[in-house]
Amino acid sequence: MIVMAQTSIKPSRHNLYNTHIIPVSFEYFAPANLQEALELLDKYGADAKILAGGTDLLVKMKMRVVEPKYVINIKKLKELAYIKEEGNVVRIGALTKWRQLEKSDIIKKYFPALYDAVLVMAGTQIRNMATIGGNLCNASPAADSAPPLMVYEAKVVLASKDGEREVPITEFFTGPGRTVMKPNELLKEIVIPKPEEGTGSAFIKVTRTAMDLAKISAATALKVEDGKIKLVRIAIGSAAPTPVRCRKTEEALTGKPFTPELIRETVKMVQDEISPIDDVRSTAFYRKEVSKVIVEDALMISHERVIKGWFK
Amino acid sequence: MKVPIEFTLNGEKVRIEVEPNELLLNVLRDKLGVTSPKYVCGIGECGACTVLVDDEPVLSCLTLAVDVDGKEVVTAEGLAREGELSVVQKAFIEEAGVQCGYCTPGFVIMIDKLLRENPNPTEEEIRQYIRGNLCRCTGYVNIVKAALKAAEEFKARSAKVEKK
Ligand SMILES: Cc1cc2nc3c(=O)[nH]c(=O)nc-3n(C[C@H](O)[C@H](O)[C@H](O)COP(=O)(O)OP(=O)(O)OC[C@H]3O[C@@H](n4cnc5c(N)ncnc54)[C@H](O)[C@@H]3O)c2cc1C
Ligand code: FES
Ligand code: FES
């Protein structure tokens with residue numbers, strides 16, 4: 001008999017439900033273009049699931065966490081896989097894979113925090129399969145692309161048969177696995193404004209093993225002008241029902257002279273802007289303690305990157 | 001409802017009917033008798049089921065079989081040429097990068113692709129590239145040695161070709 005240690009943390013259910021097969025059948029569609037995909041979504045809505053890379057969805061289907069009646073595979077929508085510069089913004093198609101982000105000089109040059117996130121996201125094979133759109137729509141509080149996109153104030157473009165709308169990424173998540181997307185909407189594109197000249201940014205993720213999801217993560221962006229903090233943005237992942245921006249800490253820092261002491265003192269505030277829980281990866285106590293440390297480190301790295309120059 | 005699909009498997013055309021919920025890994029192993037991709041975790045954590053699809057390493061335990069319609073699939077079986085093991089496969093034997101062997105096909109696929117992308121990898125680059133592959137036996141040291149040895153061998157071969 002196996003005796004479980006007394007703990008409030010529930011054991012992982014993976015071994016209970018993980019079988020060799022997908023134990024649900026579904027009707028399968030592979031639309032050839034966006035229009036077809038949107039019409040299918042409009043018709044089947046909440047009974048349907050979009051399949052992009054499948055690295056979240058198929059795992060959930062294997063565990064019977066979701067059992068869609070219809071699966072709409074959007075991999076053929078090659079028109080949604082791109083990274084392009086356009087004036088003051090960079091546009092990333094929802095079907096862009098993590099591996100494409102990793103190989104992109106545009107991402108490396110303008111968005112170091114996102115680039116940091118790519119380098120600690122899963123392994124080569126998953127990066128070859130998983131899309132950035134899937135990462136956001138899956139809406140895990142641990143989604144590694146979310147904190148960086150939040151400090152860059154990215155927007156997502158949602159498309160449906162009825163048209164398109166833009167939503168700031170900070171308003172996109174509503175809870176674990178939940179977003180503002182309607183059942184007939186598809187995430188089409190992510191639009192990221194290029195940071196102002198002289199802005200540094202960074203992302204730090206704390207994990208148990210190299211391949212794991214975050215226990216906690218933080219992204220920061222910082223611009224210091226004439227010794228004063230002109231712009232500061234802080235976002236934390238895996239420490240609340242959604243990834244969160246720490247606006248109060250940002251306000252407390254803005255306009256102050258940049259010193260390591262001020263940063264260390266002020267970032268203590270971030271622990272009150274998050275609401276972490278105990279789960280299989282970590283405890284609420286640990287997450288609160290570490291939030292201060294990684295935000296401080298990320299801010300110092302952001303600063304250093306501007307001084308030393310990041311990418312030529 | 002079964003869906004007919006057609007793809008290339010290790011250089012040969014395959015035509016087969018599959019259910020939409022069938023995984024590539026199961027179709028390869030149970031229906032086509034190609035057993036080098038291994039079922040271990042089934043949820044993307046270990047890399048033992050790695051195959052090349054259109055020359056990119058992906059996990060066959062998280063790929064629907066319908067998804068490889070029209071594509072090219074290569075497994076560790078496909079790396080050997082005319083009965084002769086590939087450079088990477090030989091290096092694994094010579095450096096004792098294999099113990100129980102369960103993880104080996106995945107590693108061999110990965111190192112083969114890495115060396116074609118980056119013929120001169122550092123140890124750090126090798127380890128970063130195979131971070132999605134788990135091995136419970138070797139402790140990775142001999143796997144990395146095998147990769148470095150295969151890289152040397154590749155270099156020696158291309159030097160010979162250049163001289164000619
Ligand atoms: C072993 C392993 C390690 C992982 N490590 C990490 C990690 O380190 N960091 C991390 O953040 N994640 C990690 N993940 C999770 C996962 O790989 C990512 O979240 C990935 O980006 C999901 O993308 P996908 O294309 O595979 O999504 P899918 O599984 O195809 O889709 C995910 C969800 O989003 C919906 N969806 C997808 N695309 C769209 C769209 N365009 N419009 C509307 N809805 C859409 C789907 O219906 C589904 O509900 C890991 C997963 C595994 C299996
Ligand atoms: S069996 Fe596919 S990654 Fe483990
Ligand atoms: S040799 Fe046994 S798992 Fe790697």
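The shown structure was predicted, so the numbers you read here are calculated from the model rather than taken from an experiment. The analysis underlying the following values was restricted to heavy atoms, covering all of them including side chains, and did not include hydrogens, waters or symmetry mates.
Other residues, nucleotides and ligands contribute more than 12 heavy atoms inside 6.0 Å of the CZ atom of A:R208. Other residues, nucleotides and ligands contribute over 12 non-hydrogen atoms within 6.0 Å of the NZ atom of B:K31.
From A:N128, atom CG reaches atom OG1 of B:T50 across 10.0 Å, with rounding to the nearest 0.5 Å. With rounding to the nearest 0.5 angstrom, the CE atom of A:M61 is 7.5 Å from the CG atom of B:N21.
Closest non-hydrogen pair, B:Y39 versus A:K62, comes out as OH-NZ, 3.4 Å. The two residues A:T124 and B:M110 come nearest to each other via the heavy atoms CB-CE, 3.6 Å. Considering all non-hydrogen atoms of both residues, B:E45 and A:M211 come closest at O-CE, 3.9 Å. Closest non-hydrogen pair, B:R131 versus A:R127, comes out as NH1-NH2, 3.0 Å.
A heavy-atom distance below 4.5 Å is not found between the side chains of A:I21 and B:L23.
Taking non-hydrogen atoms and a 4.5 Å limit, the residue list of residues 58-80 of chain B in contact with chain A, ordered by number, reads B:V58, B:L59, B:C61, B:L62, B:T63, B:L64, B:V66, B:D67. Against chain B, the residues from residues 23-36 of chain A that qualify, each with a non-hydrogen atom under 4.5 angstrom away, are A:V24, A:S25, A:F26, A:Y28 in number order. Residues of residues 65-83 of chain A having a heavy atom under 4.5 Å from any heavy atom of chain B, listed by number: A:N73, A:K75.
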Name the atoms and distances for all side-chain donor-acceptor pairs under 3.5 Å in residues 112-119 of chain B, with sequence neighbours left out.
{"residue": "B:D112", "atom": "OD2", "partner": "B:R116", "partner atom": "NE", "Å": "3.0"}
{"residue": "B:D112", "atom": "OD2", "partner": "B:R116", "partner atom": "NH2", "Å": "3.4"}
{"residue": "B:K113", "atom": "NZ", "partner": "B:D55", "partner atom": "O", "Å": "2.9"}
{"residue": "B:K113", "atom": "NZ", "partner": "B:D55", "partner atom": "OD2", "Å": "3.4"}
{"residue": "B:R116", "atom": "NH1", "partner": "B:D55", "partner atom": "OD1", "Å": "3.1"}
{"residue": "B:R116", "atom": "NH1", "partner": "B:D55", "partner atom": "OD2", "Å": "3.0"}
{"residue": "B:R116", "atom": "NH2", "partner": "B:D55", "partner atom": "OD1", "Å": "2.9"}
{"residue": "B:E117", "atom": "OE1", "partner": "A:R99", "partner atom": "NH2", "Å": "3.0"}
{"residue": "B:N118", "atom": "OD1", "partner": "B:N120", "partner atom": "N", "Å": "3.2"}
{"residue": "B:N118", "atom": "ND2", "partner": "B:E125", "partner atom": "OE1", "Å": "3.2"}

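Residue contact with chain A, scored on non-hydrogen atoms closer than 4.5 Å, involves the backbone and the side chain of B:Q128 alike. For chain A, no part of B:E19 is nearby; none of its heavy atoms comes within less than 4.5 Å. With a threshold of 4.5 angstrom between heavy atoms, A:L51 approaches chain B through side-chain atoms but not through N, CA, C or O.
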Determine, step by step, whether B:N133 and A:Q125 satisfy the side chain to side chain contact (heavy atoms under 4.5 Å, CB included) criterion, reporting the C-alpha distance in whole Å, the side-chain angles of both residues, the deciding distance to 0.1 Å, and the verdict.
-> CA-CA 9 Å; B:N133 292 69; A:Q125 297 97 315; 2.9 Å; yes
